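All figures in this text were calculated on a predicted structure; none of them were measured in a lab. Read the numbers this way: they start at 1 and go in the same order the structure lists the ligands and their atoms.
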Amino acid sequence: MCGIVGAVAQRDVVDILVEGLRRLEYRGYDSAGVAVVGTAGELQRLRRLGKVKELADAVAAQPVPGGTGIAHTRWATHGEPSERNAHPHVSGNITVVHNGIIENHGPLRQALQAKGYVFNSDTDTEVIAHLVEDELKKAGSLLAAVQNAVKQFSGAYGTVLMDKTDPSHLVVARSGSPLVIGLGIGENFIASDQLALLPVTRRFMFLEEGDVAEITRQSVTVYDKSGVQVERAVVESNASYDAGDKGQYRHFMLKEIYEQPSAINNTLEGRLSNDSVLDETFGNGAADLFKKVKHIQIVACGTSYHSGMVARYWLESLGGISCNVEIASEFRYRKSFVQPNSLLVSISQSGETADTLAALRMAKEAGYIGSLTICNVAGSSLVRESDLAFMTRAGAEIGVASTKAFTTQLVGLAMLTLAIGKYNGLTAAQQQEMVTALRSLPAKLEETLTLATSIETLAEEFADKHHSLFLGRGDQYPIAMEGALKLKEISYIHAEAYAAGELKHGPLALIDADMPIIVVAPNNELLEKLQSNVEEVRARGGILYVFADIDAHFKSDATQRVVNVPHVHPLIAPIIYTIPLQLLSYYVAIIKGTDVDQPRNLAKSVTVE
Ligand code: M6R
């Protein structure tokens, strides 16, 4: 989704701004722009449709000197992707960049047009520029003008404004879209994600909902939603500076697939004893809360929703507790029944997904006894607003297609099952068995990754296909769903997932030789049932691609390609079977020549609903 970078410094900032945008590219965007105020108060603005590279080339061709500037990558919501709709937008002396959606932009636009303001774009953002210019005529400062303007917005915004007549400061405002201030020495910065600023600082101040702040070279002054000056904590980030580099890999997605053994090792580290999960794993007070919990409601979107679906199988069969899982965008608008002593669990890689965050906020009013987030980004909105947090420690995930975030979420959810289960009948022997299984994961993942070469060959058979079907049963059904999501999002092949037992209730009608069927088949109690489902497909001329436990005795033949997956404990099988599906999607996308790390139309972090 859109990205913001801003700076107030003595040195020229354009390179910092463009590098910041480059580091935010992974979020997904369609155009980019930068505006800088020079020492004589002249504003230079450059905008380009397409990649940040186009903007960087434009900056190289036309130097943009100046110490105060703002930059943006846009993911179109209102108005097509084009140079005229790209940010920054300008009204008189005011220049603005904005993430989010101003939902009442229509009436505001009409009122401003009636006052004579001329709109040069189709964006909702341009109303911010004109409205702040209008308010500045009445208010004594840019800060006051922004404070007055934001009261008139409904919707979501993370916005940064600059007045070319006074480049000593930027004014920023946050509601519903994240902003983080980067603190330098004699210079300060702003961004929508700390990753953008890691080359210039490691000290960050995260703004809260409703905050408006004034940033100069020497100071940062924050006001809360009622206009009262407040202090916000400064945190030292230990995020990796190199997170933005692909290293030896051709794509971030491939790098992140191969990082899974170490990411999971990090996620496990220091959290398990020999036979249980340590109480502090989920934060202070977790044990007291978990003792009281009688029901779990999980909310999440996309891939994170799929990890929640796996967790439901674990929590109910091992954790001894009832569990519902719901897509956050549905949950937030539905009047749901809150069971007594319910815990709300949100799952998110970014911690900023608008629907998941809204579901958490709604749940706070609805009578849940507490909230826990399983999240990958420290300091994100979900982490700050939840009572408890489990950090997945996957490291920065840059590829839009989620990989290591998913498998580390599953590890966190398996540990949650242990932590809750010990109050609900999970025996000491079962706990010890689960701990041993979790500890075996990094090595088993390394072994599974060696399947890459055979999966790369298999991928060639998918290149001319338009549709595909993924099948699984039990806790492998969500893994089939995740496999289908991966394939469709990066290869653009239509993919659907079905619980294999549901085939004969409709989808069997689709089976023919042009519809590859991908099956995940660990050696578990549902294997025989699954084998029957596979035979139903074979009998109707379907071509099968079966990822099967080495002991499950599936054989390759003319209509069935079998890839043997290492035998593992059933608890970790969903994590292990995710790997071949990730690799399959990746290699199919390579053959199809798509933009693997930034697939069309998609954004990494979906901060608008
Ligand atoms: O940051 P989140 O985990 O909350 O994001 C949720 C989804 O937007 C995300 O998982 C999306 O489905 C991925 N692109 C899937 O690969």
Side-chain angles (χ1 to χ4, degrees), residues 1-3 24 26-29 75 176-178 192-193 195 251-254 256-257 260 263 298-311 325-332 345-361 373-383 385-386 389-392 394-410 412-413 470 478-479 481-492 495 497 578-579 581-586 589 594-609:
M1 208 122 281
C2 308
L24 297 182
Y26 74 96
R27 295 167 65 98
Y29 68 102
W75 187 79
S177 284
S192 50
D193 183 329
L195 201 59
H251 293 99
F252 283 111
M253 182 182 177
L254 191 63
E256 288 157 7
I257 289 173
Q260 288 174 108
I298 296 179
V299 288
C301 303
T303 287
S304 299
Y305 168 70
H306 296 153
S307 70
M309 284 191 67
V310 175
V325 191
E326 193 159 348
I327 293 168
S329 57
E330 288 297 312
F331 178 81
R332 66 180 288 193
V345 176
S346 62
I347 309 173
S348 173
Q349 188 286 129
S350 62
E352 302 293 351
T353 299
D355 285 318
T356 311
L357 194 52
L360 167 67
R361 288 177 184 156
T373 190
I374 309 281
C375 188
N376 195 38
V377 179
S380 62
S381 300
L382 278 172
V383 171
E385 295 186 29
S386 299
F390 176 94
M391 302 312 306
T392 46
E397 191 181 68
I398 308 288
V400 164
S402 192
T403 51
K404 60 179 180 171
F406 178 67
T407 47
T408 53
Q409 284 167 356
L410 288 176
L413 290 159
F470 285 70
I479 299 308
M481 294 172 81
E482 174 59 9
L485 177 62
K486 286 290 90 84
L487 189 69
K488 73 181 97 164
E489 82 178 318
I490 62 166
S491 77
Y492 314 152
T578 300
I579 307 298
L581 302 190
Q582 292 172 345
L583 288 166
L584 179 67
S585 304
Y586 176 77
T594 59
D595 189 345
V596 171
D597 285 331
Q598 290 162 32
R600 67 185 182 199
N601 304 336
L602 297 182
K604 179 68 181 164
S605 177
V606 183
T607 51
V608 295
E609 52 169 311

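No side-chain donor-acceptor contact under 3.5 Å links Gln409 and Thr392. No side-chain donor from either of Thr403 and Gln582 sits under 3.5 Å from a side-chain acceptor of the other. Defined by atom type and a distance below 3.5 Å, a donor-acceptor pair is missing between the side-chain atoms of Ser304 and Ser348. Side chains of Ser402 and Glu397: a donor on one and an acceptor on the other come within 3.5 Å.
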>> Run the salt bridge (Lys or Arg N to Asp or Glu O under 4.0 Å) test on Glu385 and Arg361 for me, step by step, so that the C-alpha distance in whole Å, both residues' side-chain angles and the decisive distance to 0.1 Å come before the verdict.
In response: CA-CA 8 Å; Glu385 295 186 29; Arg361 288 177 184 156; 2.7 Å; yes
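Counting atoms of ligand 1 from 1 in the listed order, those under 4.0 Å from a heavy atom of Ser348 are 1 (O), 2 (P), 3 (O), 4 (O). The atoms of ligand 1 that sit less than 4.0 Å from any heavy atom of Ala401 are 16 (O). Here is the list of ligand 1 atoms found below 4.0 Å of a heavy atom in Ser304: 2 (P), 3 (O), 10 (O).
Remark: minimum distance from atom 15 (C) of ligand 1 to any protein heavy atom is reached at Thr303 OG1, 3.0 Å. Among protein heavy atoms, the minimum distance from atom 4 (O) of ligand 1 is reached at Thr353 OG1, 2.4 Å.
The distance criterion of under 3.5 Å between nitrogen or oxygen atoms is met by Glu489 with respect to ligand 1.
Using a non-hydrogen distance threshold of 4.0 Å, Lys486 registers as a contact of ligand 1.
The heavy atom nearest to atom 14 (N) of ligand 1, considering only Leu485, Val377, Val400, is found in Val400.
Contact of the Phe406 side chain with the Ile479 side chain is registered, since non-hydrogen atoms from C-beta on lie closer than 4.5 Å.
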